[in-house]
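Scroll down for the structure; my scribbles are underneath it.
Both ligands and their constituent atoms are indexed starting at 1 by order of listing.
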Amino acid sequence: MIPRVKGTQDFIDCTLFNFIIISVKKHLSFYHFTEIQTPILESVDLFVRSLGTHTDVVSKEMFIIEPRQESSEGRICLRPEGTAPVVRAFNEHHIQATPWKVFSWGPMFRYERPQKGRFRQFHQVTMEIIGSGSVAEDAQFITMLDRFFHEALKITNYALVLNFLGCQQDRKNYLVTLKKFMDTDAVAQNVCNLCKERKEHNIMRIFDCKNAQCQEIYRLAPHIADNLCQPCAQEWKELQQQLTLLSVSHVYRPTLVRGLDYYNKTVFEFVSKDLGAQDTFCGGGRYNQLAKELGNKQDYPAIGAAFGMERLMLLLEPLREQLNIPHAPALHMIVPMTPAQHTIALLLADELRAHHIATDIVFEGSMKSMMRKASSTGAAYALIIGETEQENRTVMLKNMTNGTEEAIAQVDLVKMLKR
Ligand code: HAM
């Protein structure tokens with residue numbers, strides 16, 4: 001047996017997955033989002049430029065496909081996330097109508113160490129608004145997500161954590177302040193090697209360190225939200241006020257920086273203790289410089305987020321009964337008693353399906369095992385056809401719930417089953 005590739009999953013039952021996709025599509029339509037799809041293959045450069053060379057995703061986790069020797073094309077990869085591709089598409093198609101509110105969903109790929117809720121192939125729903133810089137847009141966007149998780153999916157055990165990373169100048173100033181803190185003897189000598197490395201290349205990621213001693217040290221670190229310019233401080237205040245007025249519970253987490261380089265101003269995550277170590281099921285924020293960074297002539301302020309389908313499914317599994325997951329249409333099973341009735345069974349099934357009556361046929365086995373199969377599929381009726389029924393142009397209709405049987409003319413079947 002050849003097993004599946006490490007860090008990937010088979011979805012043997014897609015009911016919950018499809019339910020989330022259908023629900024989010026409906027929810028997003030109320031907020032004026034439309035669906036787009038971008039390729040799974042993208043150029044490596046797209047992610048190097050957008051996420052940053054020193055991020056974990058780019059430096060360690062990319063699935064890169066080397067070009068064929070004779071090809072002059074650059075390196076391509078399996079996309080690790082959905083935001084850079086959406087911005088690339090925005091630029092490439094010269095989208096003029098802004099704000100451009102779009103969502104997309106599909107598989108993403110990161111070469112990570114697999115564990116509960118962490119895969120190498122996973123699925124995201126990514127939602128982006130490009131061309132809107134108002135902080136009220138942030139409030140509306142975050143509210144949209146919160147309403148989806150809480151009201152449409154009925155998840156209760158989660159928290160929304162927020163931080164504000166300021167504008168480019170704020171960030172520049174803050175990096176100097178943070179570096180000074182990291183260079184003080186008491187800090188420099190006691191932080192772990194990974195933090196020493198991050199200090200040089202991606203200093204704000206020190207806050208993601210899992211080492212308890214480092215975390216203790218960073219309790220005294222300066223916070224970016226305390227070092228904002230006046231307009232940013234005002235936006236940060238407004239965002240929190242608006243969320244409060246919209247009854248969206250949120251918690252300020254001063255150390256939330258997110259792992260990708262393109263963020264500024266608002267950043268947020270939805271986290272749940274029920275998920276264990278990988279507790280973030282949705283994350284996002286503003287990325288006002290990305291469109292230009294990826295080649296646009298002008299800046300388009302933007303905000304977006306993505307949730308992970310696998311993590312959301314972990315949260316939803318225990319709630320399955322409370323969700324209005326639509327059932328498949330009632331199925332009817334045709335049971336031809338011998339191969340001599342196979343053709344009539346095919347014709348009858350074809351006619352029923354033409355009238356939107358879900359039908360299947362059991363072709364093999366003894367009468368007893370065929371009836372057992374029909375019963376195990378949850379069929380409402382078994383339509384039994386033997387030699388007599390074939391001659392009389394009837395079927396023996398067996399109600400699989402109460403066991404009653406009656407002979408019905410084949411021409412009356414559609415009317416009868418539609419009742
Ligand atoms: P991210 O935080 O890297 O952000 O991923 C978003 C979500 O994808 C996570 O919260 C998690 O649910 C899921 N996820 C990430 N990696 C894995 C994995 N290895 N296995 C399972 N689930 C995973 C982004 O990707 C940004 N593009 C979000 C964004 C959109 N920001 C602005 N717009």
Whether N190 side chain and A186 backbone form a donor-acceptor pair below 3.5 Å: yes

Less than 3.5 Å apart, which donor and acceptor atoms pair up between the side chains of residues 194-201 and the rest of the protein, not counting sequence neighbours?
| unit_1 | atom_1 | unit_2 | atom_2 | d |
| --- | --- | --- | --- | --- |
| R198 | NH1 | R205 | O | 3.3 |
| K199 | NZ | D183 | OD1 | 2.8 |

Neighbouring protein residues of ligand 1 - any heavy atom closer than 4.0 Å: E81, T83, R110, E112, G117, R118, F119, F122, Q124, T126, E128, R258, L260, Y262, Y263, T280, F281, C282, G283, G284, Y287, G304, A305, A306, G308, R311

Under 3.5 Å donor-acceptor, D279 side chain and S272 backbone: no

Intermediate values then yes/no, side chain to side chain contact (heavy atoms under 4.5 Å, CB included), L397 and L417: CA-CA 10 Å; L397 193 67; L417 294 176; 4.3 Å; yes

Pair F307 and W105, ring centroids less than 6.0 Å apart: no

Parallel, tilted or perpendicular, as decided by the 30° and 60° cut-offs, for the rings of Y31 and H27: tilted

